[in-house]
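This report refers to the structure that appears directly beneath it.
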Amino acid sequence: MNIKAQKGTKDILPSEITNWQFIEDCAKKVFNKANFKEIRTPIFEDTNLFERGVGDTTDIVNKEMYTFTKSDRSLTLRPENTAGVVRAYLEHNFFRESPPIKFWYFGPMFRYERPQAGRQRQFHQIGVEMFGVQDASADVECIMLAVEFLKTLGLNDLTVEINSLGCNTCRKEFKDELKKAIAPFKDKLCEDCQNRYEKNPLRILDCKNEACNKLFEENNLRNKVSGIKLCPECSEHYNKLKLYLDALNIKYIENPYLVRGLDYYTKTVFEIKSNNLGSQNAVCGGGRYDGLVETLGGEKTPAVGWAMGVERLNSLIQPIEDKKLDYYVVSDNQLEAVKLTKKLREHGLSAEFDYNSRKFAKQLEKASKIAKKALILGEEEIKNNFITVKDLNTFEQRKMNLQELI
RNA sequence: GCGGGCAUCGCCAAGCGGUUAAGGCCUCGGAUUGUGGUUCCGAUACGCGUGGGUUCGAAUCCCACUGCCCGCCCCA
């Protein structure tokens with residue numbers, strides 16, 4: 001048998017689990033302070049949820065989903081979690097509660113893509129979703145929370161990029177304008193862009209194809225359509241966001257070409273990028289999605305959220321060393337060693353003993369690697385009812401009784 | 001889906017056609033029969049991703065396959 005972990009999947013080993021726990025602990029701490037509640041939704045959902053929620057023009061839905069059929073149901077391993085959280089929000093009538101409703105989550109996501117640095121087929125996201133607030137204060141709350149979380153993780157060298165995609169009305173106008181501007185050289189664009197032209201012209205601006213970008217330049221596209229012309233309401237929303245960010249001293253770059261690949265975004269979109277990752281440099285991406293709840297069958301509900309890639313976060317933080325045990329019991333009397341170990345653990349101390357009752361030199365060698373202190377329990381100690389405590393850093397040794405120890 | 005790179009012990013790694021495939025780390029045992037940071041000794045690949053081929057002879061050359069990594073696309 002030679003079965004290996006599947007392409008794009010990874011075992012998270014004991015040696016790296018401390019980092020993961022650290023990230024999760026920070027998330028818990030930061031999000032609780034802001035009154036976000038943790039939610040855990042299923043790992044697979046009805047395929048329709050993602051087709052409608054994420055959008056059938058997106059790459060995620062078109063070519064990256066793990067979809068299978070069971071009992072005539074089409075099911076899909078979640079490629080992201082916003083749609084799932086919205087589904088749960090509706091299914092459990094959270095809209096009946098007084099807004100805002102604020103969730104956070106942490107869990108594995110699945111996308112069938114070619115793995116590379118910072119990208120796996122099974123990866124983990126931490127995210128937040130916030131429902132019921134129309135004001136830009138919610139956008140700010142989310143961005144602020146992301147920045148605070150990253151700071152708690154010890155990550156500072158990051159750039160926040162923002163943009164506004166407008167609402168459906170101003171976006172429609174922009175799309176038309178964009179299509180008109182592109183029409184003359186449309187046929188020369190890459191295949192992807194030709195498809196985007198009809199389905200989702202906004203994404204053309206985001207094209208990484210050199211030939212396309214050259215065409216944009218030749219035709220002066222970026223001057224002709226400098227960005228979405230926001231309607232007064234969207235414009236005010238965006239300005240308010242910037243005002244808040246300035247007031248909070250959160251530095252950001254306005255990137256008019258930040259479009260994002262999921263269909264549900266409206267108004268605010270943002271990304272947080274690092275210079276210390278490979279080419280997959282976004283650690284956080286999110287925005288407002290005022291239309292999604294309605295798309296999935298609820299009342300029109302304003303909402304904002306973001307997600308972070310945990311593997312990418314992890315690659316930015318220093319490896320954290322395993323904590324050492326409080327005690328390692330060194331003894332040639334296994335019975336006494338187990339009994340002592342049990343007592344220590346009952347008192348909340350971490351401890352282990354030598355299962356093979358090897359010679360003291362070996363036991364101490366092991367002890368010095370995995371524990372802070374060794375408890376020596378030899379013939380003499382047992383006879384006279386004391387324990388020799390040895391500090392494995394300083395080599396200091398002294399006699400103690402059990403009561404002093406625990 | 002399209003490019004590029006790499007595959008030798010648990011880990012790092014030498015080897016570039018010719019006897020028994022260096023070395024380091026880790027692990028285990030011993031010197032030290034009840035005391036670990038140093039030192040010394042010993043053990044651990046009949047095997048060089050898999051399958052073919054070339055050759056008197058291949059880890060070393062050729063072909064195919066597989067796996068991993070990196071990049072494009074897209075995204076976290």
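Remember, predicted model here, so these are calculated numbers, not experimental data. Below, chain A is the first sequence line, B the second, and so on; all start at residue 1.
Atom CG in L13(A) sits about 16 Å away from atom P in G10(B), given to the nearest Å. Distance Q397(A) CD to U35(B) P: 11 Å, rounded to the nearest Å. Atom CD in E113(A) sits roughly 13 Å away from atom P in G1(B) (whole-Å rounding).
Among pairs with a residue in residues 268-280 of chain A, those fulfilling salt bridge (charged side-chain N to carboxylate O under 4.0 Å, His left out) read E161(A)-K273(A), R260(A)-E271(A), E271(A)-K273(A), at least two apart in sequence or across chains. Listed by first and then second residue, the salt bridge (charged side-chain N to carboxylate O under 4.0 Å, His left out) pairs that reach into residues 243-252 of chain A come to none, sequence neighbours excluded. Applying the salt bridge (charged side-chain N to carboxylate O under 4.0 Å, His left out) test to pairs two or more places apart or on separate chains, those with a residue in residues 341-354 of chain A are K342(A)-E346(A), D354(A)-R358(A). Applying the salt bridge (charged side-chain N to carboxylate O under 4.0 Å, His left out) test to residues at least two apart or on different chains, the pairs with a partner in residues 114-136 of chain A are E113(A)-R119(A), D135(A)-K240(A). The stretch residues 41-70 of chain A participates, sequence neighbours left out, in these ring-ring contact (aromatic ring centres under 6.0 Å, His included) pairs: Y66(A)-Y112(A). Residue pairs satisfying the side chain to side chain donor-acceptor pair (under 3.5 Å) criterion with at least one member in residues 309-322 of chain A, sequence neighbours excluded, are listed as follows: T18(A)-D322(A), W20(A)-N314(A), H124(A)-E311(A).
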* **Under 4.0 Å protein heavy-atom contact, by nucleotide of nucleotides 37-44 of chain B - B base, S sugar-phosphate only** => B-------
* To do: For nucleotides 3-8 of chain B, just jot down a letter per nucleotide in 5' to 3' order: B, S or -, based on protein non-hydrogen atoms under 4.0 Å.
  => B-----
* Asked: Taking it one step at a time, do R398(A) and E396(A) satisfy salt bridge (Lys or Arg N to Asp or Glu O under 4.0 Å)?
  -> CA-CA 7 Å; R398(A) 58 199 188 109; E396(A) 274 173 66; over 6 Å; no
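For the pair Q116(A) and C70(B), the criterion of a side-chain N or O lying under 4.0 Å from OP1 or OP2 is not met.
Both distances falling under 3.5 Å, in either a Watson-Crick or a G-U wobble arrangement, occur for no nucleotide opposite U20(B). Nucleotide A58(B) is matched to nothing when pairs are restricted to Watson-Crick or G-U wobble geometry with both distances under 3.5 angstrom. Under the Watson-Crick or G-U wobble criterion, with both distances below 3.5 Å, C68(B) is paired with G5(B). Across the strands present, U33(B) finds no partner; the criterion is a Watson-Crick or G-U wobble pair with both atom distances under 3.5 angstrom. Of the nucleotides present, C28(B) is the one that pairs with G42(B) by Watson-Crick or G-U wobble criteria, both distances under 3.5 Å.
Judged as a side chain to side chain donor-acceptor pair (under 3.5 Å), and not counting sequence neighbours, E379(A) has no contacts.
At a non-hydrogen distance threshold of 4.0 Å, G309(A), R312(A) from residues 309-327 of chain A come into contact with RNA chain B.
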Please enumerate all protein N or O atoms sitting under 3.5 Å from an N or O of nucleotides 25-30 of chain B, with distances to 0.1 Å.
unit_1: U27(B); atom_1: OP1; unit_2: K369(A); atom_2: NZ; d: 3.0

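For L364(A), the side-chain atoms get nearest to U35(B) when compared with the rest of U35(B), C74(B), A76(B). Side-chain proximity of K10(A) to the nucleotides A76(B), C69(B), U35(B) is greatest for C69(B).
When ring centroids are compared, W104(A) and F31(A) come within the 6.0 Å threshold.
In this model, a donor atom of one side chain and an acceptor atom of the other lie less than 3.5 Å apart for D326(A) and S350(A).
Between D176(A) and K180(A), no side-chain nitrogen of the basic residue sits less than 4.0 Å from a carboxylate oxygen of the acidic one, so the salt-bridge criterion is not met.
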Less than 3.5 Å apart, which donor and acceptor atoms pair up between the side chains of residues 399-406 of chain A and the rest of the protein, not counting sequence neighbours?
unit_1: N401(A); atom_1: OD1; unit_2: Q403(A); atom_2: N; d: 3.2
unit_1: N401(A); atom_1: OD1; unit_2: E404(A); atom_2: N; d: 3.0
unit_1: E404(A); atom_1: OE1; unit_2: N401(A); atom_2: N; d: 2.9

